[in-house]
Amino acid sequence: MTPQRPDVVGLGYCAYDILAIVPEVPRFDDVKMAHLADLACDGGGQVGTALAAVAKLGMRAGYVGLLGDDAEGRWLREEFVRGGIDVARLRLSADVGTNICLLLVDQATARRAILCHQRVQPSALTLDEADRDYVQAARVLHLDGQFMPAAIQAARWAREARVTVCFDGNHPRAGLGELLPLVDWLIVAETFPTTYTGNPDPSRAAEELLDLGVDVLIVTQGSRGCSVHTGRKHFHVPALAIEAVDTTGAGDAFHG
């Protein structure tokens, strides 16, 4: 029997996260040792976290990517499987390492700082015809630009098959000029429109992004919610009132 294809295919960043909850932000060369309030290890990354959210919401999700054939990579693969995410197009390779991120979370404010050890290069993932079939059988392709050459190729394949392309834009990076005209749903951090376009007016910057061919632009604004832009209207959606404990992965889960 042919297995069901995912509703959402994600291609992009997946990392092994080590989260340290700190009562106060430590200072370098301080003679006083900083003690952690809590420590956790989990899967992270923009696309990886979004797929986990999609799966928890009851949809079929699949990951296309490259991890090291190391302890962290194998653990992440098993986490995908436990979360119900298809890993048919996930590669494990002894030629690369798995990205590892250390996150310091300020217990008082829930803000975090991220330190990443990049052990796989963005050009390391090469797609094949099986990936093409996989992408074109989905309803949505979700990207974050981590494997940029592969992301551009997958977006072209998605466009051929009328698969919706969603992109998580946290900051400008090389290759976006080629990728963004292939994107249908563009969800970006608050600083992205002005930084990417060079236009200091947020509304005009949003219009410039829509002019690339984007159907829907969503600008996330943290505790203030998000603004939504289309060719016909612009409106604001307020955030839910919550007590923030740890903001790590909030935007990625929002994409899901």
Side-chain angles (χ1 to χ4, degrees), residues 6-15 17 42-57 59 61-66 76 80 83 85 90 99 101 103 112 114 116 118 120 122 125 135 138-159 163-197 205-206 209-210 212-222 225-230 237 239 247-256:
D7 298 303
V8 180
V9 166
L11 187 159
Y13 201 72
C14 178
D17 282 359
D42 207 341
Q46 293 158 266
V47 159
T49 304
L51 291 179
V54 164
K56 285 182 180 294
L57 291 169
M59 299 189 75
Y63 178 69
V64 178
L66 175 65
L76 287 168
F80 274 139
I85 298 167
L90 166 60
N99 291 336
C101 293
L103 299 99
R112 81 281 189 270
I114 306 175
C116 286
Q118 183 172 316
V120 55
L125 177 62
V135 167
R139 293 170 54 194
V140 176
L141 172 67
H142 183 47
L143 306 169
D144 60 20
Q146 160 63 9
F147 298 106
M148 185 59 77
I152 293 170
Q153 181 61 76
R156 288 183 180 138
W157 287 339
R159 273 297 178 95
V163 174
T164 298
V165 179
C166 178
F167 179 72
D168 177 351
N170 54 2
H171 60 81
R173 64 181 77 203
L176 282 185
E178 192 172 355
L179 177 61
L180 289 186
L182 302 169
V183 172
D184 301 295
W185 301 340
L186 178 59
I187 310 178
V188 298
E190 187 168 15
T191 58
F192 183 94
T194 55
T195 303
Y196 180 76
T197 64
L209 290 175
L210 289 173
L212 295 175
V214 172
D215 291 332
V216 179
L217 168 67
I218 299 176
V219 181
T220 59
Q221 299 168 317
C226 67
S227 61
V228 182
H229 307 256
T230 72
V237 180
T247 57
T248 304
D252 307 335
F254 176 79
H255 281 77

**Message:** Would Thr164 and Asp215 count as a side chain to side chain contact (heavy atoms under 4.5 Å, CB included) here? Give the steps.
**Reply:** CA-CA 10 Å; Thr164 298; Asp215 291 332; over 6 Å; no
**Item:** Qualifying residue for side chain to side chain contact (heavy atoms under 4.5 Å, CB included) with Leu186, from Leu212, Leu209, Val165
**Value:** Leu209
**Request:** Determine the minimum heavy-atom distance between Pro193 and Ala189, stating which atoms define it.
**Result:** CD-O, 3.5 Å
**Request:** Measure the spacing between CG of Asp252 and CG of Asp144 and express it to the nearest 0.5 Å.
**Result:** 8.5 Å
**Request:** Indicate the atoms forming the closest heavy-atom contact of Cys14 with Tyr63, along with that distance.
**Result:** CB-OH, 3.6 Å
**Request:** Carefully, step by step, assess Val8 and Leu51 under the rule side chain to side chain contact (heavy atoms under 4.5 Å, CB included).
**Result:** CA-CA 8 Å; Val8 180; Leu51 291 179; 4.1 Å; yes
**Request:** Quick one: pull up CG in Leu11 and CE in Met148 and give me the separation to the nearest 0.5 Å.
**Result:** 10.5 Å
**Message:** Would you say that Phe147 contacts Val64 through its side chain, given a criterion of any heavy-atom pair below 4.5 Å between the two side chains?
**Reply:** no
**Prompt:** Hey, which of Leu217, Leu176, Thr197 is the one that makes side chain to side chain contact (heavy atoms under 4.5 Å, CB included) with Phe192?
**Reply:** Leu176
**Message:** Any heavy-atom pair between the side chains of Thr195 and His171 that's under 4.5 Å?
**Reply:** no
**Request:** Run the numbers on Tyr13 and Asp168 for side chain to side chain contact (heavy atoms under 4.5 Å, CB included), then give the verdict.
**Result:** CA-CA 11 Å; Tyr13 201 72; Asp168 177 351; over 6 Å; no
**Prompt:** At their closest point, which heavy atom of Leu179 faces which heavy atom of Ala155, and how far apart are they?
**Reply:** CD1-CB, 3.8 Å
**Message:** Which heavy atom of Pro122 sits nearest to which heavy atom of Gln146, and what is that distance?
**Reply:** CB-O, 3.1 Å
**Fill in**
Smallest heavy-atom separation, Leu66 atom then Leu90 atom, equals N-CD1, 4.3 Å
**Request:** Go through the steps to decide whether Cys116 and Asn99 satisfy the test side chain to side chain contact (heavy atoms under 4.5 Å, CB included), and finish with yes or no.
**Result:** CA-CA 7 Å; Cys116 286; Asn99 291 336; over 6 Å; no
**Complete:** Rounding to 0.5 Å, atoms CG (Asp42) and OG1 (Thr49) come to a distance of 8.0 Å
**Asked** With a cut-off of 6.0 Å (strictly less than), are more than 12 heavy atoms of other residues, nucleotides or ligands near CZ of Arg139?
**Response** no
**Message:** Show the nearest heavy-atom pair for residues Leu141 and Ala158, with the distance to one decimal.
**Reply:** CD2-CB, 4.0 Å
**Item:** Euclidean distance, His255 NE2 relative to Leu143 CG, rounded to 0.5 Å
**Value:** 10.5 Å
